[in-house]
Amino acid sequence: MTRETALSLILAGVVGVFGYRLGLGDAPVIERVEYRPAVIQDDGSVIAERDPTPPDAPAPHRIPRGNVEVRRVEVEVQPDAPGCPVCRVDLSLVRDDEGGQRVIASSPNGSILRALDVPILPGLLPPPVRPWAAGLSYDPFGGRGGVWIERDVSRFRLGADVQQDERGALRALVRVGWRF
């Protein structure tokens, strides 16, 4: 192996590691979901206990096809009327297949009379993935045009160009790049 080849491989490795490290900045940030005890506030409202272990049992209600359960909440309510038993309400926050979030409510020992979901701050959903790009190219020095297409595959960007060469014939180029 020649010295130039070895240096090229080392340079490619350094650029690859540097590009990978730069690309970590656009990685999603995971919500902190450690255990928190319930807190009863002065007005009688309760900040729910948070248990970070995912439940083993399926949701207590039907989750529509295409929806993903994001969070599950269980509430027990003692009605103010004397002699009324405790009522349990199960809630699931789901991400629907239309790009939004909804709440599903059910009760194993009561009937849901009304359910209202008021989005105060819309949830931040990831942008749609658009792995393809295409366009026109122009050589300002030679006055020749061309077309190109690219596709992102994981951390790689694959591309192809078709251009005119100096004699007017078509010339094809292939590109492989590192996305960061």
Side-chain angles (χ1 to χ4, degrees), residues 1-36 50-73 91-105 115 117-180:
M1 180 161 36
T2 66
R3 173 183 263 166
E4 290 82 15
T5 305
L7 288 174
S8 296
L9 288 174
I10 291 171
L11 180 62
V14 168
V15 168
V17 169
F18 183 70
Y20 176 77
R21 298 295 296 168
L22 280 177
L24 291 178
D26 63 356
V29 177
I30 304 294
E31 175 186 11
R32 292 179 59 188
V33 289
E34 63 240 4
Y35 175 81
R36 295 281 189 244
R50 184 171 30 187
D51 182 2
T53 54
D56 292 333
H61 33 246
R62 189 176 70 79
I63 304 294
R65 183 182 306 269
N67 291 5
V68 177
E69 187 177 30
V70 176
R71 188 164 244 141
R72 190 176 298 173
V73 179
L91 304 166
S92 288
L93 176 65
V94 296
R95 187 171 49 238
D96 65 21
D97 55 359
E98 297 174 355
Q101 296 183 48
R102 301 291 304 268
V103 175
I104 300 172
D117 172 19
V118 181
I120 306 298
L121 292 174
L124 298 174
L125 301 175
V129 177
R130 292 192 170 96
W132 287 97
L136 302 173
S137 60
Y138 179 72
D139 177 6
F141 301 108
R144 294 178 297 273
V147 294
W148 58 268
I149 188 165
E150 291 182 345
R151 164 101 174 146
D152 290 339
V153 179
S154 183
R155 283 272 187 212
F156 295 101
R157 180 164 293 168
L158 309 174
D161 294 274
V162 177
Q163 301 171 338
Q164 288 179 329
D165 65 12
E166 296 79 23
R167 296 179 307 273
L170 293 180
R171 173 177 79 172
L173 300 170
V174 176
R175 292 185 294 199
V176 176
W178 184 262
R179 234 173 37 92
F180 59 90

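The local environment of CZ in R102 is sparse, with at most 12 non-hydrogen atoms from other residues, nucleotides or ligands closer than 6.0 Å. Within a 6.0 Å sphere centred on CZ of R71, heavy atoms belonging to other residues, nucleotides or ligands number 12 at most.
Within the 4.5 Å cutoff, no side-chain heavy atoms of S92 are placed close to those of V70.
Counting all heavy atoms, side chain and backbone alike, F156 lies closest to V176 at CD2-CG1, 4.5 Å. Scanning all heavy atoms of the two residues, the minimum distance from R72 to A57 falls at NH1-O, 3.2 Å. The two residues R144 and Q164 make their nearest non-hydrogen contact at NE-O, 3.3 Å. Nearest heavy atom pair, residue N67 against residue D97, reads OD1-N, 3.4 Å. Residues V94 and I104 approach most closely at CG1-CD1, 3.9 Å, considering heavy atoms. The two residues R175 and W148 come nearest to each other via the heavy atoms NH2-CB, 4.1 Å.
To the nearest 0.5 Å, atoms CZ (R157) and CH2 (W178) are separated by 13.0 Å. Atom-to-atom distance recorded for D165:CG and D139:CG is 11.0 Å, nearest 0.5 angstrom. In this structure, CG in L170 is found 10.0 Å from CD in Q163, a value given to the nearest 0.5 Å. With values rounded to the nearest 0.5 angstrom, D161 atom CG is found 10.5 Å from I149 atom CD1. Rounded to the nearest 0.5 Å, atoms CG (D51) and OH (Y35) are 8.0 Å apart.
Using a cutoff of 4.0 Å between basic side-chain nitrogens and carboxylate oxygens, R179 and E150 are not scored as salt-bridged.
R95 and Q101 share no side-chain donor-acceptor pair at under 3.5 Å.
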Run the numbers on I63 and H61 for side-chain contact (heavy atoms from CB on, under 4.5 Å), then give the verdict.
-> CA-CA 6 Å; I63 304 294; H61 33 246; 4.0 Å; yes
